[in-house]
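Here is the structure we will look at.
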Amino acid sequence: MSQVKETLKSVFIGILIYTALVEVIGIFFSGDVFAYTLGLLVGAAVACALMLHMTYTLNKALDMPETQAMKYTRRQSFIRLCIMLVALVLGVIFDQLNFISLVLGVLGLKIGALLAPFFLKRMYPEHFVTKEEESF
């Protein structure tokens, strides 16, 4: 399995675990459990889609000349920002989506990225073992 797929898998696991924890904690504090859960799931789905888009963008940009790659990644970054904005606007418009849980779901992308090294070390320990020779 390539390092990109390993990293993507670990970020998705991080998003999933974060989403489950936020769901379990949030159920106790939410008045409308359905809207809370739906908002969180939509936010997590947006986070996963943004991660896939980011991976695709980086893979494609690596095959381009530097100036073209910079323009391309900026444009794609703006597209991701627009996707997040649309998701948040939908959270405001529709009463069936809890806006706060939607924001928490989208933040799962950041939490998943922070948790990814932790999962990578446990899933693929052979890639992270360094053998340092002792010098006396």
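- The side chain to side chain donor-acceptor pair (under 3.5 Å) contacts involving residues 14-25 comprise Glu23-Thr37, where partners must be two or more places apart or lie in separate chains.
- One hydrophobic cluster, built from ILVMFWY side chains closer than 4.5 Å, cannot hold both Phe28 and Phe34; they sit in different ones.
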Cut-off 3.5 Å, no hydrogens considered: what does the side-chain donor-acceptor table look like for residues 68-77, sequence neighbours left out?
unit_1, atom_1, unit_2, atom_2, d
Thr73, OG1, Ala69, O, 3.0
Thr73, OG1, Met70, O, 3.1
Gln76, OE1, His53, NE2, 2.8

When the side chains of residues 90-103 are checked against the rest of the protein, which donor-acceptor pairs come out under 3.5 Å, sequence neighbours left out?
unit_1, atom_1, unit_2, atom_2, d
Asn98, OD1, Ile100, N, 2.9
Asn98, OD1, Ser101, N, 3.2
Ser101, OG, Tyr36, O, 2.9
Ser101, OG, Leu40, N, 3.3
Ser101, OG, Asn98, O, 3.0

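- Hydrophobic clustering (ILVMFWY, side-chain heavy atoms < 4.5 Å, transitive): Val89 and Val86 are in one cluster.
- In this structure, Leu62 stands alone, with no Ile, Leu, Val, Met, Phe, Trp or Tyr side-chain heavy atom under 4.5 Å from its own, directly or through other members.
- Val46 and Leu41 fall into different hydrophobic clusters, where Ile, Leu, Val, Met, Phe, Trp and Tyr residues are linked whenever their side-chain heavy atoms come under 4.5 Å apart, directly or through other members.
- In this structure, CG in Leu88 is found 8.0 Å from CE in Met84, a value given to the nearest 0.5 Å.
- For Leu52, the side chain to side chain contact (heavy atoms under 4.5 Å, CB included) partners at least two apart in sequence or on another chain are Leu8, Phe12.
- Checked against side chain to side chain contact (heavy atoms under 4.5 Å, CB included), Ala116 has the following partners two or more places apart in sequence or in another chain: Ser10, Val11.
- For Asp63, the side chain to side chain contact (heavy atoms under 4.5 Å, CB included) criterion is met by no residue, not counting sequence neighbours.
- Distance check: Leu21 CG to Leu104 CG gives 12.0 Å after rounding to the nearest 0.5 Å.
- A continuous path of hydrophobic side-chain contacts links Leu81 to Met51 [ILVMFWY only; heavy atoms under 4.5 Å].
- In this structure, CG on Leu109 lies 9.0 Å from CZ on Arg80, to the nearest 0.5 angstrom.
- Every residue two or more places apart in sequence or in another chain that forms a side chain to side chain contact (heavy atoms under 4.5 Å, CB included) with Phe78 is listed here: Cys82.
- Minimum interatomic distance between Gly108 and Ile15 (heavy atoms only, all atoms of both residues): O-CG1, 3.2 Å.
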